[in-house]
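Heads up, the thing below is written out as structure tokens.
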Amino acid sequence: MKAIILTVITAFSLAVPASYAVEPCSGQGCCSVKNNPVLPGFHADPEVLYAEQTGKYYIYSTTDGTPGWGGYYFHVFSSPDLKSWTDEGIMLDLKSDQVPWATGNAWAPAIIERKEADGYKYYFYYSGHSKEADTKQIGVAVADNPAGPFRDLGHPIVTKSPAGHGQQIDVDVFADPVSGKHYLYWGNGYMAVAELNDDLLSIKEETVKVITPEGGTLETYAFREAPYVFFRNGTYYFLWSVDDTGSPNYHVAYGTSDSPTGPIKVADPCTILIQDPSKQIYGPAHNSVLNIPGTDQWRIVYHRINKDHIDPSKSPGIHREVCIDKMEFNPDGSIKPVTPTL
């Protein structure tokens, strides 16, 4: 890793760690969760990580329930088995000196673990509101442990839209197992990709390009936000969210590619996660994906609108909760529609 100077801030917590139980299940990993949502209170935009260093699972999320999506800090939750979750506290506060370039709007994080010469490192990417630019930009913080303390780089690494419109939000990071390269994805109204430099703290500007899936409608696959990329059996899968985060119709579509930089072929059918009003499940989208280590078992971790806030007068777009369900594949590699559970 290249030598860099980072401002070291001691991580802190405003909450005493607490555990939240999910119904146990047999077998490795976890069965379909029976106690959705899995986190207490309102959270959105979940990013899931299995950390080799600790042998635990982690969820990082947007703190929700605040008017105007005004949450300004990130919590991290840990679990040894995907059955019970412990709140490890606040790991990044955008209104503190911990992040000198931002004033708030801590949104939609992504994280990656990398084993380096001096041990494991965790690179945490996120959106924040820039003081200088008065708009949303993407920053990065680093830690030696998945729960922190995290050290922010001190400035954003994505500051403008390559599409000429939309906010710099909803970041995803992907380690390509084929090339060994790392990629960053982001976008609001467009999907962008860029290769990261070896330090994982900056992007190669000459590699930035827009790869938005073309076409679609709000009922099918018109890209809105929240790209997520993973690799399975030689195929790159691209997932994204359709419609508005406060809409019951907010849902997940997907496509595939032979490359981590596209082009993306939209699947047919392409919708893999959508509302089920008969169960009072609304707006399930903005997801991450987990492969249970050592298996071909997969989970989709996503947020959906709290059923008591689905009425437009009750601000559904800021009352979201985090859930986990099984994600399965057909023999041809296509993704089966996910059944959202209670």
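Computed from a predicted structure; not experimentally measured.
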- Query: Parallel, tilted or perpendicular: which fits the ring planes of Trp298 and Phe230, with parallel below 30° and perpendicular above 60°?
  - Reply: tilted

- Inter-residue atom distance Leu200.CG - Glu116.CD, 0.5 Å rounding: 7.0 Å

- Asp258: what forms a salt bridge (Lys or Arg N to Asp or Glu O under 4.0 Å) with it, not counting sequence neighbours? none

- Message: With a 3.5 Å distance limit and no angle check, can you tell me whether Asp176 reaches the backbone of Val178 through a side-chain donor-acceptor pair?
- Response: yes

- Query: Quick one: does Thr212's side chain have a donor or acceptor within less than 3.5 Å of a partner on Met191's backbone?
  - Reply: yes

- For Lys265, does the NZ atom sit with more than 12 other heavy atoms under 6.0 Å from it, leaving out its own atoms? no

- Message: So does Ile324 get a backbone contact from the side chain of Asn36, meaning a donor-acceptor N/O pair under 3.5 Å?
- Response: yes

- Query: Which heavy-atom pair separates Pro248 from Ile305 by the least distance, and what is that distance?
  - Reply: N-CD1, 4.3 Å

- Message: Determine whether a donor-acceptor pair (N or O, by modelled atom type, separation under 3.5 Å) exists between the side chain of Asn249 and the backbone of Leu218.
- Response: yes

- Can you spot which of Tyr183, Tyr185, Tyr237 makes a side chain to side chain contact (heavy atoms under 4.5 Å, CB included) with Val229? Tyr185

- Note on the structure: Quick note, ring pair (Phe, Tyr, Trp, His ring centres under 6.0 Å) partners involving residues 248-272, not counting sequence neighbours, are Tyr250-His303

- Query: Roughly how far, to the nearest 0.5 Å, is CD of Glu47 from CG of Leu290?
  - Reply: 10.5 Å

- Item | Rounded distance (nearest 0.5 Å) linking atom CG of Leu196 with atom NZ of Lys204 | 9.0 Å

- Message: I'd like to know if the side chain of Asp64 and the backbone of Phe42 have a donor-acceptor N/O pair within less than 3.5 Å.
- Response: no

- Query: Can you tell me how far OG of Ser78 sits from CG of Leu49, rounded to the nearest 0.5 angstrom?
  - Reply: 11.5 Å

- Stepwise, does the ring-ring contact (aromatic ring centres under 6.0 Å, His included) test hold for Phe74 with Phe124? CA-CA 11 Å; Phe74 293 104; Phe124 181 80; 5.2 Å; yes

- Query: Any link between Tyr72 and Ile90 through a network of hydrophobic side chains (Ile, Leu, Val, Met, Phe, Trp, Tyr) touching at under 4.5 Å?
  - Reply: yes

- Task: Quick one: do Tyr123 and His182 satisfy ring-ring contact (aromatic ring centres under 6.0 Å, His included)? Show the steps, please.
- Result: CA-CA 11 Å; Tyr123 296 85; His182 291 77; 8.2 Å; no

- Query: In terms of side-chain heavy atoms, does His129 have a donor or acceptor partner in Asp134 at a distance below 3.5 Å?
  - Reply: yes

- Message: With rounding to the nearest 0.5 angstrom, report the OG to NE2 distance, Ser130 to His155.
- Response: 12.0 Å

- Query: Should Tyr126 and Tyr58 be regarded as members of a common hydrophobic cluster, given that ILVMFWY residues are connected when their side-chain heavy atoms come within less than 4.5 Å of each other, either directly or indirectly?
  - Reply: yes

- Task: Give a yes or no answer on whether the side chain of His165 reaches the backbone of Ser161 with a donor-acceptor pair at less than 3.5 Å.
- Result: no

- Message: I'd like to know if the side chain of Asn306 and the backbone of Asp308 have a donor-acceptor N/O pair within less than 3.5 Å.
- Response: yes

- Message: I'd like to check Tyr282 versus Pro340 (side-chain heavy atoms, cut-off strictly below 4.5 Å). Are they in contact?
- Response: no

- Message: Could you check whether Arg224 pairs with Asp244 (Lys NZ or Arg NE/NH1/NH2 to Asp/Glu carboxylate O, under 4.0 Å)?
- Response: yes

- Query: Are Asp144 and Lys121 close enough for a salt bridge, meaning some N to O gap below 4.0 Å?
  - Reply: yes

- Side chain of Ser288, backbone of Pro46: donor and acceptor closer than 3.5 Å? yes

- Message: Within this structure, what is the CE-CZ distance for the pair Met327 and Arg232, rounded to the nearest 0.5 Å?
- Response: 8.5 Å

Anything under 3.5 Å between a donor and an acceptor, one on a side chain of residues 101-111, the other on a protein residue two or more places apart or in another chain? List them.
from   : atom 1 : to     : atom 2 : distance (Å)
Trp101 : NE1    : Asp152 : OD2    : 3.3
Asn105 : ND2    : Trp69  : O      : 3.0
Trp107 : NE1    : Trp69  : O      : 2.8

- Task: Could you tell me whether a side-chain N or O of Asn291 sits under 3.5 Å from a main-chain N or O of Thr295, the two making a donor and an acceptor?
- Result: yes

- Query: Any donor and acceptor pair, going by atom type alone, linking the side chain of Gln167 with main-chain N or O of Asn188 inside 3.5 Å?
  - Reply: no

- Query: Parallel under 30°, tilted from 30 to 60°, perpendicular over 60°: which one fits the rings of Tyr122 and Tyr120?
  - Reply: parallel

